[in-house]
Amino acid sequence: MTKPRFTFSSLKGIPDVLPPETILWNKIESAACEVFGSCGYDEIRTPVMEPSELFLRSIGESSDIVAKEMYSFTDKGGRGISLRPEGTAGVVRAYVEHNLPVRPAPQKFFYRGPMFRYERPQKGRQRQFHQIGAECFGASHPGMDAELVMMLMAFLEKAGISGLSLEMNSIGCPECRAAFKERLRAYFGPHLPELCPDCNRRFEQNPLRILDCKVERCIEIGADAPLISESLCPECRRHFDSVLALLTAMKTPYAVNPRMVRGLDYYTRTVFEVKSGRLGAQNAVAAGGRYDLLVSEFGGPETPALGFAAGMERLAKLLAEETLFKDLMEKTGGQPEVFIAPLGDAAGAAALVSAGLMRSRGIRVEIGWDGSLKSKLRRADKMGAKLVVIIGEDELKSGMYKWKDLKSGESGEIGAAEIPGLLSR
RNA sequence: GUGGGCGUAGCUCAAUCGGCAGAGCACUGGACUGUGGCUCCAGUGGUUGUGGGUUCAAUCCCCAUCGCCCACCCCA
């Protein structure tokens, strides 16, 4: 072996996902497909790259995501391009570009895939991460808000993730939010010297964020700050009350968090977050809300819309801790049902034929090509195979293969075609 | 971008005051010629993240750099 001149590793904050963790991902994704499908959502796949302008216009230039976290570059044609930092902008672009508003409302989509943000990695946060999300266009009724939230919770439950809490808030329409910001500035203005440097910056950029500052003094000062719920216009108030009433009626547990803020500029009215206490500082596993103005800002007709996104890595981390799923992993985590040990070249052909028959029936079969019979068996055991089938010269002659159940130690002989029957005993 | 912690075998970790880089697990093979697990034996595996500096001598001390972890900012 010559020593490699260079070694490579994946980029900072952009890790590989290896088995058996990928099995968790598949389980989460299949739960999503099933639940979302039953709610009338179909999958949409949009590019991972979009014009940078798309994100500037949707997420908002003041957001850190756009200001400093985008992977942006200029392509050979001089176009400004960015890797998507979130999924909604692309879906809205596709919705408008393909004139989907002419299809009957509501139009409902879900998506999944990698997102990119140039941030310092920490627990639950990476530079490439994966989201699975849903978007619904053309429904303004609060019933759709409640339905979307319930769909999200049903998905998480179906995926097998427990210990989550749902927080609801309304950040109103641009009118009531603007009024609220002024009330906040009026309240915090006199306290500016006492607030932390970050909050002094927030005071200018987005005073709502002062409300969820983590500095103790800021929390104290903010304790008596006005709440958005007191500033909502009658329409927004009615909408929010209606959403909450529906959740209550459906016995979906939630808590109103009047201090919840969203990171993206496009949200209006309903916003929500699903949190876990087991994820460190990055405790949100899913978040979303209504964005009634974004479609028209993208050149489409005025179209109310709402959606959410869930973080796959965070969900997978939680799911990996579920004891229920640990058991499942032990039973099905990439373990062959049948391990065929051929001895000699002629037996190899017979092993392939036999394996092919079983595999076409969906049985997971491993063939042990290398090593002695002993090492083959040892490997079968380590792989967690249920059944070993041995094919040597004697077996080829008689057509009866030796088998052994590695759990019970039972063994015997059986015709090649009968092997699957042994599995269902 | 800011602050703190940590980098020794695939993994978990040792290495006395600065003095020959080790163990367990894992992997491969053998003991047992065609029957796994248990036991025993052996083997593979390292420029101690990288580059400088101090020193007779550096895994150890110093500097830089890269990476990882945690937190802030921000966010799924």
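Naming: A, B, ... by sequence-line order, numbering from 1 per chain.
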- Item | Given rG34(B), rG67(B), rA76(B), the nucleotide with the shortest approach to the side chain of Arg117(A) | rA76(B)
- If you check the Arg202(A) side chain, which of rG34(B), rC74(B), rU28(B) turns out closest? rC74(B)
Protein-nucleic acid N or O pairs under 3.5 Å, nucleotides 2-6 of chain B:
from: rU2(B); atom 1: O4; to: Arg120(A); atom 2: NH1; distance (Å): 2.8

- Item | No-hydrogen, no-angle side-chain donor-acceptor test under 3.5 Å, Thr46(A) and Arg93(A) | no
- Can a side chain N or O of Arg125(A) be found less than 4.0 Å away from OP1 or OP2 on rC68(B)? no
- Query: Where the side chain of Lys123(A) is defined as all heavy atoms beyond and including C-beta, which of rC70(B), rU35(B), rC72(B) is the nearest nucleotide?
  - Reply: rC70(B)
- Remember a base hit wins even if backbone is also touched, and classify Leu315(A) as base, sugar-phosphate or nothing at under 4.0 Å, heavy atoms. nothing
Got a list of protein N/O to nucleotides 37-45 of chain B N/O distances below 3.5 Å?
from: rG37(B); atom 1: O4'; to: Asp381(A); atom 2: OD2; distance (Å): 3.2

- Residues Glu194(A), Arg217(A): salt bridge by 4.0 Å N-O rule: yes
- Message: Does Gln205(A) reach a base, just sugar-phosphate, or nothing at all? Heavy atoms under 4.0 Å.
- Response: nothing
- Item | Per Ala281(A) side chain, nearest of listed nucleotides rA71(B), rA76(B), rC73(B) | rA71(B)
- Task: For residues 279-291 of chain A, pull every pair meeting salt bridge (Lys or Arg N to Asp or Glu O under 4.0 Å), keeping only residues two or more places apart or in separate chains.
- Result: Asp145(A)-Arg290(A), Arg290(A)-Asp292(A)
- With a 4.0 Å cut-off on heavy atoms, is Glu69(A) in touch with a base, just the backbone sugar-phosphate, or nothing at all? sugar-phosphate
- Can you tell me which stems RNA chain B forms when a stem means 3 or more consecutive Watson-Crick or G-U pairs under 3.5 Å? B:1-7 with B:66-72, B:10-13 with B:22-25, B:27-31 with B:39-43, B:49-53 with B:61-65
- Apply the test salt bridge (Lys or Arg N to Asp or Glu O under 4.0 Å) to residues Glu86(A) and Arg117(A): give CA-CA distance (whole Å), side-chain angles for both, the deciding distance (0.1 Å), then the verdict. CA-CA 9 Å; Glu86(A) 59 98 44; Arg117(A) 290 179 200 171; 6.0 Å; no
- Nucleotide nearest Lys382(A) (side chain, heavy atoms from C-beta), chosen from rA76(B), rU28(B), rA71(B): rU28(B)
- Message: I'd like the C1' distance from rC32(B) over to rU50(B), given in whole Å.
- Response: 48 Å
- Candidates Ile363(A), Val389(A), Leu357(A) - the one meeting side chain to side chain contact (heavy atoms under 4.5 Å, CB included) with Ile419(A): Val389(A)
- Query: At under 4.0 Å between heavy atoms, what does Arg262(A) touch on the DNA or RNA strands: base, sugar-phosphate, or nothing?
  - Reply: sugar-phosphate
- Task: Have a look at Ala284(A) and say if it touches a base, only the backbone sugar-phosphate, or nothing, with a 4.0 Å heavy-atom cut-off.
- Result: sugar-phosphate
- Partners meeting salt bridge (Lys or Arg N to Asp or Glu O under 4.0 Å) with Glu29(A) (sequence neighbours left out): Arg112(A)
- Task: Mind jotting down which residue pairs meet the side-chain hydrogen bond (donor to acceptor under 3.5 Å, both in side chains) criterion with at least one end in residues 30-40 of chain A? Sequence neighbours excluded, please.
- Result: Glu34(A)-Lys158(A)
- Item | Closest to side chain of Lys214(A), choosing from rG34(B), rC72(B), rU35(B) | rC72(B)
- Query: Does Gln282(A) make a side-chain N or O approach to OP1 or OP2 of rA76(B) shorter than 4.0 Å?
  - Reply: no
- Message: What's Gly13(A) touching, base or sugar-phosphate or nothing? Going by heavy atoms closer than 4.0 Å.
- Response: sugar-phosphate
- Query: Any side-chain heavy atom of Leu156(A) within less than 4.5 Å of one from Leu315(A)?
  - Reply: yes
- Could you tell me whether Lys386(A) and Glu337(A) make a salt bridge, using a distance below 4.0 angstrom between a side-chain N and a carboxylate O? yes
- Answer yes or no: does a side-chain N or O of Gln122(A) lie under 4.0 Å from OP1 or OP2 of rC69(B)? no
- Message: Over all strands shown, is Ser411(A) touching base, sugar-phosphate only, or nothing at heavy-atom distances under 4.0 angstrom?
- Response: nothing
- Note on the structure: Rounded to whole Å, the CE-P distance (Met70(A) to rG1(B)) equals 17 Å
- Query: With a non-hydrogen cut-off below 4.0 angstrom, is Ala310(A) in contact with a base, only sugar-phosphate, or nothing?
  - Reply: nothing
- Query: Any salt bridge between Asp198(A) and Arg201(A), counting N to O under 4.0 Å?
  - Reply: yes
- Message: Under 4.0 Å, counting only non-hydrogen atoms across every strand here, what does Gly133(A) touch: a base, just sugar-phosphate, or nothing?
- Response: nothing
- Query: What nucleotide, of rC73(B), rA76(B), rU35(B), holds the atom closest to the side chain of Leu264(A)?
  - Reply: rA76(B)
